[in-house]
Amino acid sequence: MLDFTEESLKKVLTRYNVALEKEMTPEEAAEELYPKDELIYPIAKAIFEGEEDDVVEGLQAAIDAGKEAITLIDDALMVGMAVVTKLYDDGVIFLPNVMMSADAMLDGIEFCKENSDTAPETKGTVVCHVAEGDVHDIGKNIVTALLRANGFDVVDLGRDCPVDEVVAAVEENKPIMVTGTALMTTTMYAFKEVNDKLVEKGLNVPFACGGGAVNQDFVAQYELGVYGEEAADAPKIADAIIAGSNIAALREAFHKH
Amino acid sequence: MLDFTEESLKKVLTRYNVALEKEMTPEEAAEELYPKDELIYPIAKAIFEGEEDDVVEGLQAAIDAGKEAITLIDDALMVGMAVVTKLYDDGVIFLPNVMMSADAMLDGIEFCKENSDTAPETKGTVVCHVAEGDVHDIGKNIVTALLRANGFDVVDLGRDCPVDEVVAAVEENKPIMVTGTALMTTTMYAFKEVNDKLVEKGLNVPFACGGGAVNQDFVAQYELGVYGEEAADAPKIADAIIAGSNIAALREAFHKH
Amino acid sequence: MVANRYTSMAYESADEMSFGKTKHPVKAGLGLEIGAGYTIPEVNYAPRPEAGASKEKLVNEYERITTDIMQRMVQVGFPAVILETEHVQQMSNNPEWGAEVAHAQKTIMEEYHDEYGIKCALRHTIGDIRENRDFLQLRGDKYSVFMEAFEKCAENGADLLSVESMGGKEVFDYAILRNDIAGMLYGIGCLGTLDMDMIWSDIAAVAKKTGTIAAGDTDCAQANTAMFIAGGLLDKNLAHTLAIIARAISAPRSLAAYENGALGPGKDCGYENVIIKAITGMPMTQEGKTSTCAHSDVMGNLIMQCCDVWSNESVEYHGEFGGTSVQCRGESLAYDCALMNTALETGNEKVLRDMFMLSDRYRDPQGYVLAYDNAYKVGEAIVKDGDNIYLRAKNAAIECCNIVEEGVAGKLSISRFEAGALKDAKAALDALPDDMDQFMDDCLTKYQSEVKVFLPENYGF
Amino acid sequence: MVANRYTSMAYESADEMSFGKTKHPVKAGLGLEIGAGYTIPEVNYAPRPEAGASKEKLVNEYERITTDIMQRMVQVGFPAVILETEHVQQMSNNPEWGAEVAHAQKTIMEEYHDEYGIKCALRHTIGDIRENRDFLQLRGDKYSVFMEAFEKCAENGADLLSVESMGGKEVFDYAILRNDIAGMLYGIGCLGTLDMDMIWSDIAAVAKKTGTIAAGDTDCAQANTAMFIAGGLLDKNLAHTLAIIARAISAPRSLAAYENGALGPGKDCGYENVIIKAITGMPMTQEGKTSTCAHSDVMGNLIMQCCDVWSNESVEYHGEFGGTSVQCRGESLAYDCALMNTALETGNEKVLRDMFMLSDRYRDPQGYVLAYDNAYKVGEAIVKDGDNIYLRAKNAAIECCNIVEEGVAGKLSISRFEAGALKDAKAALDALPDDMDQFMDDCLTKYQSEVKVFLPENYGF
Ligand code: B12
Ligand code: B12
C-alpha cells in the first residue's frame, strides 16, 4: 500500500488545528481562571468538569458555611460558567464540555432555588424556536444551551414551530430577544412572517436568526432581524441587548459580511 | 504511454455524434431536396454550396432564359436557402455552411434587385441587437444570419446597444419582431428597460430574447418577452408571428422548460 | 422475515477492494450493471423552493432537471448515469406526487436511452416522514403512507429505492452533544438497527413485488449529524475522534438493510459504506470532493477509493455560467468516473485507489479510519459478533479507537483535545457490559428519564 | 523591447512533462513557489450583479469572497491557494477601484498567512478595455488607462498580472463563422501576436517596476470562442476539427507573452498552455472538470495532465447548501490538487498524468491534439520557424491537421462532417503562400474590404 514519508505528508496537507493548539491544557487554563475563595473554587471547578453531584456538594458546603443559597447562583455557578464560556470562546474547550457544564449549572440553580425563599434574578428571557416545517434542531439546541450557560432564561418552543406560536410566546413571556433557526431554503421564509406579525402587534423585540440556510442578506431584509453566524453569537447578542444596543447597533456589531 | 484497447475505449466514452451520424452525406441529402427545374436547380445548388459567383451566373442564365429577376428571389434563392435551413435543422449540415449560403443568397438578392425595377417583397423586418454593456455578439450574428437566410430583412444594431437606440429603431422600422442577446448576468436587465419603453410608447412588438445569461423565467417576466434557446428559434418565432401568433402563443410554443 | 446477519467478510483481504468492482453487481434501470467493472455518476438535486407550490410546478421542475442532465451527458460523451431524486416532504406525504415525478423523469430517460443508447437508472429516496412535531412515530399512523410512497414510486418508474431512516435519533441527538458514548451506541447501534430491520424487510418486499431494487439506507440522521457538528479542522463543537466513533457504529446499523434484502448501491452520504462493501461485496454510492455543493468534508478524495457510483449529494437547481447546476455537477462527476474507468481499463485501479486514499489518510482521524485497509478491520470486528447487534456495534467502536491510537503512534497527528476525547471514549466503552440485555435495560431506564422525547414504543419495547 | 522568440523546446521529450513540475518555477506572493513540485488551486469568482452598484459594495463583495476562500482552505487543511480576480469593467476603467479591491483582498490574505502559515498569492486579471462600441481601439486613448490599471493593482497587492487580450478578434469573429482558415491564421497568428508583443513588453515593464510577476495571457477571445461555438458533441455550429486548428494557432500567439517577459503561471482558460509549457518550461494554470460552473468542455480530465495551478475559471458568488460557491469550488479544486500532489510525492505522477490524458484522448479531436505527446509535436512545429510569426502559426495549424489525421487512422473516430471540415482546412492551408509579407498584404486587402470593423491602425499598419 502506498504511504508518505513524514516529509511528503507535510507537502500535501496541514493539520492547522494541531499546529495551532494552545500550549496549556484546558485544565491548566481553567485553573488560572477559577476564583480563589475556597468555598467557591470547588463549585466553579465542578461546573467546569460538568459534575452535577460535585456542584451540589459544593453548594451544600457553602450554604453550610453560611452563604446565602440564592446569591450562590451569581457568585459561584455563574462564575464557574464564565470560565467555561471564556475557554470555549478562546477555542480551548469544545461544545460538549459547555453542554455538560450547562447541565450541571442548571442542576445547581435548581438546588439553590430549592434552598431559598427568594426567586433568583435572571439576566432576561429569550424565546427560541426552529422555523415551521423544519426539524433540524441541533443548532437551536446549542443556542439554548449557550444562552442558559450565560444566565438567560430560555423558553424553548422546539422545532417545526408554527409562526403564531412564536408570536404568542413573545406576547406571553416578554423576552428581551427571540431566536430562530432554519436549515432549509424552504423554511427560512417563516422568519419574515414572524417578523411581520410581531411588528404588527408592536412587539419590537430583536429577532436573532441563524442556521445553515440563513444568511445575513436575507435577515437584513426584515425590521427586527439580526443575523448570527455561530451559536456563540446568541448570548453575545443578548448581552448587547441588555447593555442597551438597538437593532441597528446589533447589526453593526454582528453583521460581519 | 498508457493506451486503450478498442474494447476498453468503448467503456469509457461514447462519441454520440459519430454513432448517430446520418447515413447520407450532406450533398446527397441536398440533392434530394433541390427543385428539378433545370434553370432553378443550379441556383439552388450554388446557394447550398455557398458559391456567390455560381449563384449570380445561374441567375443570369435564368434571366436570359426569360425569367423575371425579382421573382427569382422567391422562386430560386429562397428555395435553395430552404434546402440549407432544412438540412441545418436536421443536423446534417453545420452553421458555417448556413452562413456561407446566406452570404451567397444576399449577393443573389442584390443582383436580382439590380436587374429589376420592382422592389422585392420581404417577409418582414426584424430589429436585432446585443444588450447595452455587452460586447458578446457572436450569438446575435448567428441570429441575424439565420433570419436573413429565412427571408427576413434585418436591421442590425450591433452590440452594446443603448436602450433608446433600440426603441428608436423600432419606431422607425416597424419590425414584426425585435431580438435581444445578452451573455452577462449584468447586462440582461437592459431587456426589461427596452420592454418598458416599448410598452410605454404602445409599440407592442414581440421581443425575442436569448444568449448565454438569459433564461426563460427571466424573459417571461416582461410583457413582450419571448425566450429563444437556440439561434435557429429566431426565424421560427418570426415565421410564427407572420402566421398570426400573439405573444402568449409564442411563449406556449417556444418556452420549452 | 428474519435478518440474515453477516458473520464473515465478502473479500479475503482489504487489498482486493477497488472502485467500480464488486462481488455482487446489480442490474438496474435501462441497461445498467452497477459495480460490474465501471463507475457511474449519480446526480442529485433539490428543486427550487418556489417549485414546491403545486404538483404541476414540481413535476415540471423535475422534468427540466432530468432533461438537463441527460442532455449534458450525451453532449460530453458519457456512457452511463444515475439520477437520484430525494423526495421533498410533499412527495412522500402524498405518494401520488412522488409517483408522478418518477413517471415524468423515467419517460425522459427512456427517450434518451432509445435515441442515444445511454445507460441509466432512476433512484427515488423516500423521505422518512414517520415523525410529528415533537416525537418520532416510527410505527405510528404514517407507516403505511411511508410504504405506499415506496410502492407507488417503484410502480411508476423508480429503479432503485432508498431512504435515510431515523431510528434512534432522539437518543443520539441528546448523546452526541454530551460526549455520551453509551447513548451513541444505544441510539445508532441498537435502536437504529432494530428500526432498520423492520423497514428494510418491508422495502425489500415492495422491491420484489415491483421488480425494482431495494438499494440501501444511510445513517445520515446520526453519523452524518456527528460529522457535521464536528465540522472542519478548526471547529470546536465536537471532537473528530468522537465523530468517527459514531461513524464506526453506524456501519453495523446500515448493514441491516442488506441483511434484510437490500442489494445496493448503498446511498451516497453513507460514509460507512466502505465498511459495508467490505462485508457484503455489494456496490456502493459515495460522495466527497465533488459534493462540495452540499457539504464540506475532510476526506473528499479518500472516499472515492472504493465507490461504484459517485454522487454530488444534492445541489439546488439554478443557473450557473456553465449551464444549470445539475449539468455542471453532473459533468464534474462524470469526468471523475471517466478517470476511474480509465484506471480500471488499464489495470491501474489499485494505484489510483491508493492515491485517493493516501491524499486524505492523515488529514483527519475520520479519514484515517475509513481508509480501506482500516475500514476492512472495522468490518472484521463487526462480523466477529455479527449475530449480536449490540456487541458488533461495540466491537466497531472499540476497533475504531484502536485504529486511531495506532495511527497516532505513526503519522496521524491529532490535537490534544481529540486525544482526550478518544481516551474518555475508550474508557467509557471498556466500562460497558458484555451482555446485550443488560445494556438494553440500563439504557432504556436511563434515556427514558433523561430524554423526554424518547418513546420506547417506537421500537416495540 | 524586441521579443525573444523561442526556437527550441524546454523539454527533451514530451514524457518529461508532468503536472506540478516545471523547468522554471516562479516565486510569488506569500511563500508560494509555483511549478516547484506541487500543484495549487486557483479560485476564481464573479461578484453578484448588484455588487457593482458602488465601489464600496464591490470592495465589500471581494472581501467576503476572499475571507470565505481562505477560511475554507484552512478548515480542510490545504497548504496553498491562489485567488484570481478577473476585473469587472469598472475596475479596469477606474484603476483606483481595482487597486482598492487588490488592497482589501491582500490584507485579508496576509492575516491568514500570518495566523496559519498558509501560502497564497493574488492574481489580478485586468479587463481588455481597449474598445469602444463598434471598434477595437488597441492603440487608442484607453491604452494608458489599461496600463495604469496593471500598475495600480500591482502596487496595491496583486502578485500576478494577467489579461485576456483581444488583438485580431475582429477578423477572427468574421472568419470563424465562415470556415475561413486564412482569416483565423491572420487574426490569431499574425494580428494577435503583434498586439501581444506590444502589450506584454509594457506589462512586463510594470511588473519589473512593481516587483510583481507578469504571469500570462490567453487566447480566450479567439480560440475559446471557437471552442464554445463548437460546443458539445451534438452541437452543429462549428466542426470540432476547426476549433482545434484555432487552438493550435493560438499557441504561438499566447507564447508571445513569455517572449516579452511574462514568467507564468499562464492563465487558466488557455487550453493552449500545454503547448506553451512544452516550449517555455514555465508554470501554467489550467481549468477543466472542476470549472464546469463556468463552461462545459470535452477534455475535463485531460487538461489536468500538465497543470501547475488548477482553476475553476469563474463562479458567481452565491450560497450553496455546502457554503458559498467560492468555498465549494475552492474545496473541490484543492482536493484535485491534493490528489496530484500525492502522486508527485509518491513518484506516481506519470501514471496519473497518463490516466488524466487517456480518459479524454479519444473523446474529441480537440483533446486528442492537446494530449501532451501531441501538444509537444505542435510545439516543435512552432519553434521550427520560431522567428516568423506567420510561419510558426501556419506550421502549428498544419501539424494539428496531421495529428488529427494520424489519430483517425488509429482509435480517434470523427464524424464525416468533422472529417470534411478537416480536409477543406488542410487544403486551404496548403494553398497559403510561404512568404509572410505576401500573406500579410493579401489579408490586409481582403479583410479591409470584407470586415468593416477591421481598422489596420490597430496594428500599426
Ligand atoms: C443533520 C441533518 C439532518 C438530520 C437533522 C437532525 C436534527 N435533529 O437536527 C436529519 C437526518 C433528521 C435531517 C432530515 C432532513 N434533512 Co437534513 N441535514 C442535516 C445536515 C447533514 C447537518 C445539519 C446540522 O445539524 N448541522 C450542524 C448544526 C450545528 O448547524 P446549524 O443548525 O446551522 O447551527 C449552527 C449555526 O448555524 C448557528 N445557529 C443556528 N441557529 C442559530 C440561531 C441563532 C440566533 C444564532 C446566533 C446562531 C444559530 O449555530 C450552530 C453552530 O454554530 C445538513 C447538511 C448541511 N449541509 O447543512 C442536512 C440538510 C440541512 N438537510 C436537508 C434535507 C433536504 C433534509 C430532509 C428534507 C431530507 C429528506 N429528504 O427527508 C429532512 C428534513 C425534514 C424536515 N422537514 O425538516 C438539506 C436541506 C436542503 C434545503 N432544501 O435547504 C441539507 C442542507 C442537506 C443537503 N445538502 O441537501 N437532516
Ligand atoms: C467568447 C466569449 C467572449 C469573447 C466575445 C467575442 C464576441 N464577439 O462575442 C470576448 C473574449 C470578447 C469576451 C469578453 C468578455 N467576457 Co466573455 N465569454 C465568451 C464565452 C467564452 C463564449 C460566449 C459565446 O460566444 N458563446 C457562443 C454563442 C454562439 O452563444 P450565445 O451568444 O449564447 O448564443 C447562442 C444562444 O444563446 C442563442 N441566442 C443568442 N442570442 C439569441 C437571441 C434570440 C432571439 C434567440 C432565439 C437565440 C439567441 O443562439 C446561439 C446559438 O444557438 C463565454 C463563456 C460562456 N460560458 O458562455 C464568456 C462569458 C460570457 N464572458 C464573460 C466575461 C466576464 C467577459 C468579460 C467581462 C471579460 C473581462 N474581464 O474583460 C468581457 C466582456 C466585456 C463586455 N463588456 O461585454 C463571462 C460572463 C459572466 C457574467 N457576469 O455573466 C462568461 C460567462 C465567461 C465566464 N464563465 O466567466 N468574452
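Every chain is numbered from 1 and lettered A, B, ... according to where its sequence line falls, protein lines coming before strand lines. Atom set for the values below is all heavy atoms of this structure, side chains included, hydrogens, waters and symmetry mates excluded. No experiment lies behind these values; they were computed from the predicted model shown.
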Notebook entry, point to check: Should D:Lys267 and D:Glu86 count as an ion pair when the cut-off is N to O under 4.0 Å?
Noted result: yes
Check: Take atom NZ in D:Lys236; do more than 12 heavy atoms of anything else shown fall under 6.0 Å from it?
Finding: yes
Note to self: Quick check on the interface: out of C:Cys293, C:Ser325, C:Gly231, who has the most heavy-atom pairs with chain D under 4.5 Å?
What the structure shows: C:Cys293
Notebook entry, point to check: Do C:Arg361 and C:Asp373 meet the salt-bridge criterion of a basic N to acidic O distance under 4.0 Å?
Noted result: yes
Item checked: Option among D:Leu344, D:Asp308, D:Asn341 that satisfies the side-chain contact (heavy atoms from CB on, under 4.5 Å) test with D:Phe19 -> D:Leu344
Check: Any luck finding a side-chain donor-acceptor pair between C:Tyr38 and C:Glu345 under 3.5 Å?
Finding: no
Next item on the list: Answer with side chain, backbone, both or neither: which region of D:Val351 has an atom nearer than 4.5 Å to a non-hydrogen atom of chain C?
Entry: side chain
Margin query: Quick one about C:His318 and C:Glu320 (side-chain donor to acceptor, distance below 3.5 Å, no hydrogens or angles considered), yes or no?
Written below: yes
Notebook entry, point to check: Between D:Ser291 and chain C, which part of the residue has a heavy atom less than 4.5 Å away: side chain, backbone, both or neither?
Noted result: neither
Checklist line | Top contributor to chain C interface from D:Asn301, D:Thr290, D:Leu352, D:Asp235 [non-hydrogen pairs under 4.5 Å] | finding: D:Asn301
Note to self: Please classify the contact of D:Asp364 with chain C as side chain, backbone, both or neither, using a heavy-atom distance under 4.5 Å.
What the structure shows: neither
Next item on the list: Under 4.5 Å heavy-atom distance to chain C, tell me which part of D:Ser332 shows up: side chain, backbone, both or neither.
Entry: both
Checklist line | Portion of C:Ser314 that has a non-hydrogen atom of chain D nearer than 4.5 angstrom | finding: both
Next item on the list: Among D:Val315, D:Thr292, D:Thr346, D:Val76, single out the residue with the greatest number of heavy-atom pairs under 4.5 Å to chain C.
Entry: D:Thr292
Margin query: Between D:Ala334 and chain C, with a heavy-atom cut-off of 4.5 Å, which part of the residue counts as in contact: side chain, backbone, both or neither?
Written below: neither
Note to self: Shorter than 4.5 Å, heavy atoms on both sides: which option in D:Thr324, D:Leu339, D:Asn348, D:Asp360 has the most such pairs with chain C?
What the structure shows: D:Leu339
Notebook entry, point to check: At a heavy-atom separation under 4.5 Å, does C:Tyr116 approach chain D through its side chain, its backbone, both, or neither?
Noted result: side chain
Check: Is the distance between the ring centroids of D:His295 and C:Phe321 under 6.0 Å?
Finding: no
Next item on the list: Verify whether one side chain among D:Glu164 and D:Thr218 offers a donor that lies under 3.5 Å from an acceptor in the other.
Entry: no
Notebook entry, point to check: Heavy-atom distance under 4.5 Å to chain C: side chain of D:Tyr362, backbone, both or neither?
Noted result: neither
Check: Does a salt bridge link D:Arg48 with D:Glu61, judged by any charged N lying under 4.0 Å from a carboxylate O?
Finding: yes
Notebook entry, point to check: If you tally heavy-atom pairs under 4.5 Å against chain D, which of C:Met355, C:Glu313, C:Met299 wins?
Noted result: C:Met355
Next item on the list: Under 4.5 Å heavy-atom distance to chain C, tell me which part of D:Asp336 shows up: side chain, backbone, both or neither.
Entry: both
Notebook entry, point to check: In terms of heavy-atom pairs under 4.5 Å, which option from D:Ser296, D:Gly77, D:Ala338, D:Gly232 contacts chain C the most?
Noted result: D:Ser296
Margin query: Taking D:Asp15 first and then D:Arg353, would you say they form a salt bridge - that is, a charged N and a carboxylate O separated by under 4.0 Å?
Written below: yes
Checklist line | Residue part contacting chain C, namely of D:Asp354, when any heavy atom lies under 4.5 Å | finding: neither
Next item on the list: Below 4.5 Å from any heavy atom of chain C, which atoms of D:Met340 appear? Answer side chain, backbone, both or neither.
Entry: neither
Item checked: D:Gln71 and D:Tyr112 side chains, donor-acceptor separation under 3.5 Å -> yes
